[in-house]
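Here the structure comes first, spelled out in structure tokens, and everything after it is commentary.
For the numbers below, each heavy atom of this structure counts, side chains included, while hydrogens, waters and symmetry mates do not.
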Amino acid sequence: MKVATLAIIIKNNQVLLGFKKKGEIGSQTINGPGGKVEAGETLEECLVRETREEVGVELDENKLEKTAVITFFVKEVPDFEVHIFRTSSFSGTPKETLDMIPAFYDVDALPFDKMLESDREWFEKAIRGERFNARVYYNERASGFKKIEFLPFS
């Protein structure tokens, strides 16, 4: 199972998301910056690196609040474990990169129609800072959403 991170970056009443141009999961959808953990890297180091690479802003490792861990299953087999962190502390101006086209979205008008299906079930909880674990079941990787199970945060 692969381990990855995802950033929820809040500014005022908006969240920084990006249109994902390429990638193993979620290509051509809108999501937060993040990606796979590399060998020898902590979750926080991964998130800082991926956010810099994907949207051009710097995060402070010490100001990241872990809000969720979601395990994504494909045909009942664990595929990805995604650690979600929330922060309102960042520096720099978001810019388009080879990976993403970033933009701020009002938290009350999220573009769910352009996001992965399961995001409709958990994304708002994470923005509000609710802490949870979840299991998300798909028929194929990031396609054919079946169900989500929420569990206590651990």
Side-chain angles (χ1 to χ4, degrees), residues 3-36 43-44 46-74 79-153:
V3 177
T5 60
L6 181 80
I8 295 180
I9 302 168
I10 307 288
K11 179 182 178 183
N12 301 321
N13 199 37
Q14 296 186 317
V15 62
L16 178 61
L17 301 173
F19 175 77
K20 197 167 181 181
K21 298 187 210 177
K22 60 181 184 172
E24 191 173 345
I25 294 179
S27 180
Q28 305 301 301
T29 65
I30 291 177
N31 211 326
K36 292 184 284 281
L43 294 168
E44 292 82 0
C46 171
L47 190 63
V48 169
R49 176 184 53 76
E50 288 283 354
T51 300
R52 181 186 315 115
E53 291 172 3
E54 291 186 338
V55 296
V57 300
E58 288 293 325
L59 300 181
D60 180 342
E61 270 186 57
N62 299 312
K63 295 188 178 176
L64 299 174
E65 173 195 2
K66 191 172 192 176
T67 58
V69 179
I70 302 176
T71 304
F72 291 87
F73 291 76
V74 175
D79 186 42
F80 262 89
E81 179 181 270
V82 180
H83 296 258
I84 299 166
F85 293 85
R86 188 176 177 273
T87 189
S88 59
S89 179
F90 67 95
S91 61
T93 302
K95 65 180 182 211
E96 182 174 348
T97 65
L98 294 175
D99 296 310
M100 291 185 124
I101 303 170
F104 280 98
Y105 293 85
D106 189 272
V107 297
D108 298 320
L110 295 171
F112 285 123
D113 60 323
K114 296 179 178 108
M115 297 170 80
L116 293 171
E117 292 173 273
S118 66
D119 292 358
R120 296 176 194 140
E121 305 293 328
W122 63 265
F123 205 85
E124 286 181 293
K125 289 178 181 288
I127 286 175
R128 290 192 304 265
E130 288 184 37
R131 300 177 79 151
F132 61 90
N133 285 6
R135 294 180 183 146
V136 173
Y137 296 87
Y138 277 97
N139 288 324
E140 301 294 331
R141 182 175 278 170
S143 175
F145 173 64
K146 293 166 53 177
K147 68 178 179 176
I148 188 168
E149 299 170 346
F150 288 100
L151 307 163
F153 185 75

For Ile148, enumerate each residue passing the side chain to side chain contact (heavy atoms under 4.5 Å, CB included) test, keeping only those at least two apart in sequence or located in another chain.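 By the side chain to side chain contact (heavy atoms under 4.5 Å, CB included) rule, Ile148 matches Glu121, Trp122, Ala134, Val136, Phe145, Phe150.
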Partners meeting side chain to side chain contact (heavy atoms under 4.5 Å, CB included) with Arg52 (sequence neighbours left out):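 Only Val48, Arg49, Glu58 meet the side chain to side chain contact (heavy atoms under 4.5 Å, CB included) criterion with Arg52.
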So, does [X] use its side chain to make a donor-acceptor pair with the main chain of [Y] at under 3.5 Å?
| X | Y | value |
| --- | --- | --- |
| Thr87 | Leu64 | no |
| Glu50 | Pro33 | no |
| Asn12 | Gln14 | no |

Closest heavy-atom contact between [X] and [Y]?
| X | Y | result |
| --- | --- | --- |
| Gly34 | Leu47 | CA-CD1, 4.4 Å |
| Ala126 | Phe132 | N-CE2, 3.9 Å |
| Ile10 | Phe90 | O-CE2, 4.4 Å |
| Phe19 | Ile30 | CA-CG1, 4.1 Å |
| Val57 | Thr93 | CG1-C, 3.8 Å |

Does anything in residues 8-23 pair up under salt bridge (charged side-chain N to carboxylate O under 4.0 Å, His left out), and if so which pairs, sequence neighbours excluded?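 For residues 8-23, and leaving out neighbouring residues, the salt bridge (charged side-chain N to carboxylate O under 4.0 Å, His left out) pairs sorted by first residue read Lys21-Glu96, Lys22-Asp99.
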Quick one, Thr67 with Phe153, criterion side chain to side chain contact (heavy atoms under 4.5 Å, CB included). Give me CA distance, side-chain angles, the key distance, then yes/no. CA-CA 8 Å; Thr67 58; Phe153 185 75; 6.0 Å; no
